[in-house]
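A quick write-up on the structure given underneath.
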Amino acid sequence: MKKNMRVDELARDERFSPFDREARFNDPRFVRRSGPARPGKLTPDRPEAPDLARALMHGIFVGEIQALEGAGRTCWDFEVGKGREDVPFELKLDMARQCWDEARHCEISVKLSDWMGTDIGEFAENTILFEAACNPDPVLRLTGVNRALEGLAIDVFNTMRDFGQASDDPILEFCEDWMLADEVTHVKMGSDWLRRMTEKDPERRANALEFQRVVDKLFSAGGFRGEDDDNPIQLSRRFRELAGFSTDEIDEIADIARQAKAEA
Ligand SMILES: [Fe+2]
Ligand SMILES: [Fe+2]
């Protein structure tokens, strides 16, 4: 079987819609007559809240598929060994466990999207998670996917869980809560393997953390994620701590988010 599959080789049937940045920004579901939807926390009283929540949930759903595909590829793409391009066998076991979790999340997400009134492909699929999972360096791959993107998933799940609670929807609330618990484990795997595999190689660790910073900045763009009141996705300090982030690292993500907002 082929190693290091490209993002354009992902198997998708006709139900899925590829991502188009321009179409996303002009999507009438998110653009008010006076301009783009106002920034701010996702709360049930916002008129655009149902569409925003459905779009976020669809984003989670395609993210779950790509997380499954990425973790599966990581089991296959690398050989077991001590070389720079090899991985320990235990890392593959963690990735295999992650595949099982992500497959379950795909099923939960399909059913939850249906509950929320969304069809597969109603929103476009952004493939950035799988693109990060194509990195040929296993340490960069795990840092980009498990720490940066699944770290973002922690923030999104936590925000959606709060939204489910605020809108009296226990199905949304508990589905998000269950998936959140698994994501904390996946981010912790990323934190642990980054630490273990770069123990004697500070340069490799610095490169991996820089890669994570680039991905984190991308998702803080325009104030999308942060810890201020006008960030739709709230940075979740508590769950990030459980996932192996130090206070300094969380402060840094909050700073990146403020910078990205200022630049926007
Ligand atoms: Fe997941
Ligand atoms: Fe995950």
Side-chain angles (χ1 to χ4, degrees), residues 7 10 12 16 53-77 87 90-116 118 120 123 125-135 138-161 163-164 171-194 211-212 215-216 218-219 225 233 235-236 238-245 253:
V7 66
L10 285 177
R12 294 289 183 274
F16 290 81
R54 294 187 321 107
L56 273 172
M57 194 51 230
H58 194 278
I60 290 173
F61 162 58
V62 291
E64 300 296 355
I65 301 175
Q66 293 170 40
L68 168 58
E69 289 163 326
R73 294 308 307 190
T74 300
C75 287
W76 175 248
D77 286 345
V87 296
E90 291 76 9
L91 183 147
K92 291 198 183 210
L93 283 183
D94 273 352
M95 292 296 105
R97 182 241 148 111
Q98 188 176 336
C99 285
W100 166 236
D101 291 344
E102 306 298 8
R104 202 169 55 247
H105 296 176
C106 288
E107 292 199 22
I108 293 173
S109 300
V110 169
K111 289 180 180 167
L112 182 57
S113 294
D114 192 43
W115 165 252
M116 293 168 82
T118 317
I120 294 175
F123 298 92
E125 179 178 10
N126 188 333
T127 50
I128 193 141
L129 194 148
F130 191 81
E131 283 164 47
C134 289
N135 199 301
V139 171
L140 264 66
R141 188 182 290 195
L142 255 78
T143 308
V145 175
N146 288 61
R147 272 172 64 91
L149 289 161
E150 302 211 66
L152 172 71
I154 285 184
D155 301 330
V156 173
F157 283 129
N158 194 41
T159 301
M160 288 287 280
R161 188 190 57 167
F163 178 74
I171 293 181
L172 176 60
E173 182 190 345
F174 291 121
C175 284
E176 301 293 341
D177 196 40
W178 286 323
M179 293 193 281
L180 171 62
D182 290 331
E183 295 312 339
V184 171
T185 306
H186 303 167
V187 179
K188 177 99 177 21
M189 285 172 185
S191 300
D192 289 348
W193 284 115
L194 168 68
F211 182 55
Q212 186 190 324
V215 180
D216 275 333
L218 218 60
F219 281 96
R225 183 259 313 271
I233 300 300
L235 183 66
S236 170
R238 169 82 186 115
F239 290 107
R240 280 176 176 272
E241 274 166 21
L242 290 172
F245 276 76
I253 296 173

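Side-chain atoms are counted along with the backbone in the values below, which use heavy atoms only and exclude waters and symmetry mates. Note that ligands are numbered from 1 as they come in the structure, with each ligand's atoms numbered from 1 the same way. As the structure is a computational prediction, the values presented were derived from the model and not from experiment.
- A donor-acceptor pair shorter than 3.5 Å can be found between the side chains of E125 and Q66.
- With no hydrogens or angles considered, no side-chain donor-acceptor pair links Q98 and E183 at under 3.5 Å.
- The nearest N/O/S atom of E102 to the Fe ion (ligand 2) is OE2.
- The distance from the Fe ion (ligand 1) to the nearest N/O/S atom of E150 is not under 2.8 Å.
- The Fe ion (ligand 1) has E64 among its coordinating residues (N/O/S atom, backbone or side chain, under 2.8 Å).
- Within H186, the N, O or S atom at minimum distance from the Fe ion (ligand 2) carries the name ND1.
- At a cut-off of 2.8 Å, E183 coordinates the Fe ion (ligand 1) through an N, O or S atom.
- The nearest N, O or S atom of D182 is not closer to the Fe ion (ligand 2) than 2.8 Å.
- A distance-only check finds a donor-acceptor pair linking the side chain of S191 to the backbone of A243 [under 3.5 Å].
- A salt bridge links D101 with R104; the closest basic N to acidic carboxylate O contact falls under 4.0 Å.
- Relative to the ring axis of F245, R147 places its NZ or CZ within 45° and under 6.0 Å from the centre.
- The residue from T74, N146, N135 that alone fulfils the side-chain hydrogen bond (donor to acceptor under 3.5 Å, both in side chains) condition with R141 is T74.
- Checking H105 against the Fe ion (ligand 2), every N/O/S atom stays at or beyond the 2.8 Å cut-off.
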